[in-house]
Peer 1: 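Sharing a structure, written as structure tokens. Questions coming.
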Amino acid sequence: MTAYKSDFLRTLSERGYIHQCTDDEALDATTAKGPVCAYIGFDCTAPSLHVGSLLGIMMLRKLQQAGHKPIVLMGGGTTKVGDPSGKDESRQLLTDADIAANMAGIRDVFTRFLTFGDGPTDALMVNNADWLDELSYISFLRDYGRHFTVNRMLSFDSVKTRLEREQPLTFLEFNYMILQAYDFLELHRRFDCTLQMGGSDQWGNIVNGIELSRRVDGAELYGLTTALLTTASGAKMGKTADGAVWLNADMLSPYDYWQYWRNTEDADVGRFLKLFTELPLGEIAKLEMLQGAELNEAKKTLATEATRLAHGDAAAAQAAETARQTFEQGTLADGLPTLDIDPAKLREGIGILTLAVEAGLAATNGEARRAVSNNAIAVNGVRVTDPKHEVGEADLVEDGAIKLSFGKKRHVLIRPA
């Protein structure tokens, strides 16, 4: 491990963030001297970011904590093009209205991790549509396109992978790397931004921006990436069998978010504690030593600390307590996700397959039917074995709710309302 002089790079190195750096000695010297400005870009492809973006968000947080200035670059312009990195097919093109709505949905995430304002190290949120939408195509090609060779662009993994799999890569997407390179140039000109960070799939795009800025403005810029994160079993972070692990509470409840981290694989607990919590390394080292059933306590700590950062102290405490009541005491807990059902439907009886879909425990009736056949669905802790089973008023327990369960760890309270 490199012995860094700057607090920022030393922290990133100790906690396992750093994968690649264009010139770590020069960047270390620069960040040791005083505040630098760095950015990460986030395209607006959905109303919320998911856990797959959390590594970048945490790096921006560490940057600010070390006395530097983070920029959150919202891809209002680049989202119209679509990043081909890591994709086998083109992204669905979104309208301007869709992009604006998505941008509004993900703004709040950053206010929980960063401090925004006008101070020298306060975070900024910038939209690249502010300059990309104003570009004149011919002028842009003459001024900047001449600095990119097709030979070099074809060598990037994001392009090679798509072509090797004989999947079409549109000319629109091919332009993405040029636009991202121009973003770095523009941010350097406007805000003296000297560092771009991101996942390792962005390495080629980051290097492009550094080279473009050097050729056009003679600027000395830097790039830093993290490894693309997967679980010990090889699964991609941010995705589960049930869908994306969203960071917005209106798309995934804090309880379900807590449960995602509680279900971390044993081999990942120490690594994730370093990356996604702010516990001291000494305390993490003690948690890493736990074995067997005791390791569950480390997982609960990971879940609570990660939820605290994303949703606040109160939501994290409530999620932990809900889990304790549900799993340790076997009682209904008010903190569980809730589905309000028309009382008339309960009087008539509602099919278990329909209810499982409406509660979000299954995507389709077919999936719910398979879950019933596998004894995975329960009502108030009692397994349902008949796919024609109906849930009704008689299933309401003392506190006026029905607990619908999928397996041991996913529960929804059904309440008449």
Side-chain angles (χ1 to χ4, degrees), residues 1 8-20 40 48-63 65 109-110 112-114 197-201 224-249 252-313 315-317 319-320 323-324 327 409-410:
M1 183 181 297
F8 173 56
L9 288 184
R10 185 168 56 250
T11 297
L12 290 194
S13 178
E14 290 173 346
R15 299 187 80 98
Y17 288 93
I18 298 176
H19 178 59
Q20 298 159 300
I40 298 179
S48 170
L49 298 176
H50 59 65
V51 164
S53 299
L54 193 55
L55 207 56
I57 296 172
M58 289 297 293
M59 280 209 298
L60 289 175
R61 181 176 173 87
K62 298 300 181 190
L63 179 88
Q65 289 174 337
V109 170
F110 292 98
R112 297 193 289 273
F113 288 88
L114 302 172
M197 302 185 292
S200 59
D201 60 332
L224 178 68
T225 67
T226 61
L228 291 183
L229 204 58
T230 57
T231 65
S233 62
K236 188 175 181 180
M237 285 290 292
K239 300 285 186 180
T240 70
D242 305 314
V245 183
W246 301 109
L247 298 180
N248 282 16
L252 186 77
S253 72
Y255 172 79
D256 285 330
Y257 188 80
W258 190 95
Q259 280 294 331
Y260 170 76
W261 295 105
R262 168 62 180 83
N263 294 334
T264 293
E265 296 176 36
D266 292 358
D268 289 326
V269 174
R271 182 165 58 119
F272 288 179
L273 281 166
K274 291 175 184 175
L275 294 173
F276 300 116
T277 80
E278 297 189 325
L279 292 177
L281 292 175
E283 186 173 342
I284 292 173
K286 293 177 183 177
L287 292 170
E288 285 183 288
M289 295 175 64
L290 298 178
Q291 307 247 339
E294 288 186 337
L295 188 58
N296 288 329
E297 295 306 312
K299 293 182 180 182
K300 292 175 187 177
T301 299
L302 167 63
T304 300
E305 293 301 317
T307 305
R308 187 192 314 281
L309 286 174
H311 297 293
D313 292 347
R324 188 187 69 80
F327 299 114
K409 297 179 179 178
R410 298 181 59 208

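The residues of the chain are indexed from 1 along the displayed sequence.
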Peer 1: Check step by step if side chain to side chain contact (heavy atoms under 4.5 Å, CB included) holds for Leu290 and Val269.
Peer 2: CA-CA 10 Å; Leu290 298 178; Val269 174; over 6 Å; no
Peer 1: Search all heavy atoms of Pro254 against all heavy atoms of Ala319 and return the closest pair with its distance.
Peer 2: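 Heavy atoms only, the tightest pair is O-CB, 4.0 Å.
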Peer 1: Between Asn248 and Arg112, what is the shortest heavy-atom contact and its length?
Peer 2: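 Shortest heavy-atom separation between Asn248 and Arg112 comes out as OD1-NH2, 4.3 Å.
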Peer 1: Quick one: do Met237 and Leu54 satisfy side chain to side chain contact (heavy atoms under 4.5 Å, CB included)? Show the steps, please.
Peer 2: CA-CA 9 Å; Met237 285 290 292; Leu54 193 55; over 6 Å; no
Peer 1: Begin with the C-alpha distance, continue with both residues' side-chain angles, and end with the deciding distance and a verdict on side chain to side chain contact (heavy atoms under 4.5 Å, CB included) for Lys300 and Trp258.
Peer 2: CA-CA 8 Å; Lys300 292 175 187 177; Trp258 190 95; 4.2 Å; yes
Peer 1: Tell me if a side-chain donor or acceptor on Ser48 pairs with a main-chain N or O of Trp246 at a distance below 3.5 Å.
Peer 2: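 Not at all, since once roles are kept as given, no pair shorter than 3.5 Å links the two residues.
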Peer 1: Counting only N and O atoms by type, is there a donor-acceptor contact under 3.5 Å from the side chain of Tyr257 to the main-chain atoms of Val245?
Peer 2: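 Checked: no pair found.
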Peer 1: Return the set of residues passing side chain to side chain donor-acceptor pair (under 3.5 Å) with Glu288 (not counting sequence neighbours), or none when no residue passes.
Peer 2: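 Expected list: none.
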Peer 1: If you measure from CG on Leu114 to CD on Gln65, what distance do you get to the nearest 0.5 Å?
Peer 2: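 Rounded to the nearest 0.5 Å, the CG-CD separation comes out at 9.0 Å.
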Peer 1: Under 4.0 Å between a Lys/Arg side-chain N and an Asp/Glu carboxylate O for Glu283 and Lys286?
Peer 2: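 Lys286 and Glu283: not salt-bridged.
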Peer 1: First locate atom CG of Leu287, then atom CD of Glu294, and finally report the distance between them rounded to the nearest 0.5 Å.
Peer 2: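 Answer rounded to 0.5 Å: 11.0 Å.
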Peer 1: Distance-only, no hydrogens or angles: does the Ser13 side chain make a donor-acceptor pair with backbone N or O of Leu9 under 3.5 Å?
Peer 2: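 Flag not set: sc Ser13 to bb Leu9 has no pair under 3.5 Å.
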Peer 1: Report yes if the side chains of Leu309 and Met58 come closer than 4.5 Å at any heavy-atom pair, otherwise no.
Peer 2: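 Yes, close enough: below the 4.5 Å cut-off.
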Peer 1: Anything under 3.5 Å between a donor and an acceptor, one on a side chain of residues 225-235, the other on a protein residue two or more places apart or in another chain? List them.
Peer 2:
unit_1 : atom_1 : unit_2 : atom_2 : d
Thr225 : OG1    : Gln20  : N      : 3.4
Thr225 : OG1    : Gln20  : OE1    : 2.7
Thr231 : OG1    : Ser233 : OG     : 3.1
Thr231 : OG1    : Ala235 : N      : 3.1
Thr231 : OG1    : Glu265 : OE2    : 3.1
Ser233 : OG     : Glu265 : OE2    : 2.5

Peer 1: Give a yes or no answer on whether the side chain of Lys274 reaches the backbone of Glu14 with a donor-acceptor pair at less than 3.5 Å.
Peer 2: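 Not at all, since once roles are kept as given, no pair shorter than 3.5 Å links the two residues.
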Peer 1: Measuring from Gln291:CD to Asp266:CG, what's the distance to the nearest 0.5 Å?
Peer 2: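 One gets 9.5 Å once the value is rounded to the nearest 0.5 Å.
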Peer 1: May I ask you to decide if the ring planes of Phe276 and Trp261 are parallel, tilted or perpendicular, using 30° and 60° as cut-offs?
Peer 2: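 Plane angle between 30° and 60°, so tilted.
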Peer 1: For the residue pair Arg262 and Asn296, establish whether any side-chain heavy-atom pair is separated by less than 4.5 Å.
Peer 2: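 When only atoms from C-beta onward are counted, Asn296 and Arg262 do touch, with a gap below 4.5 Å.
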Peer 1: State whether Glu278 and Arg15 are salt-bridged, where the test is any N-O pair (Lys NZ or Arg NE/NH1/NH2 against Asp/Glu carboxylate O) under 4.0 Å.
Peer 2: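 Result for this pair is no, no salt bridge flagged.
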Peer 1: Please report the interatomic distance CG(Asp313) to OG1(Thr307), rounded to the nearest 0.5 Å.
Peer 2: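 Atom-to-atom, Asp313:CG and Thr307:OG1 are 11.0 Å apart.
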Peer 1: Out of curiosity, Leu252 CG to Tyr260 OH, how far, rounded to the nearest 0.5 Å?
Peer 2: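 Leu252 atom CG to Tyr260 atom OH measures 10.5 Å (nearest 0.5 Å).
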Peer 1: Given salt bridge (charged side-chain N to carboxylate O under 4.0 Å, His left out), test Arg308 with Glu305 step by step and report yes or no.
Peer 2: CA-CA 5 Å; Arg308 187 192 314 281; Glu305 293 301 317; 3.0 Å; yes
Peer 1: Do you know which two heavy atoms are closest between Leu224 and Ile18, and how far apart they sit?
Peer 2: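 Smallest interatomic distance, heavy atoms only, reads CD1-CG2, 3.9 Å.
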Peer 1: Just verifying a value: how many Å separate Arg271 CZ and Ile284 CD1, rounded to the nearest 0.5 Å?
Peer 2: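 So the gap between those two atoms works out to 13.0 Å.
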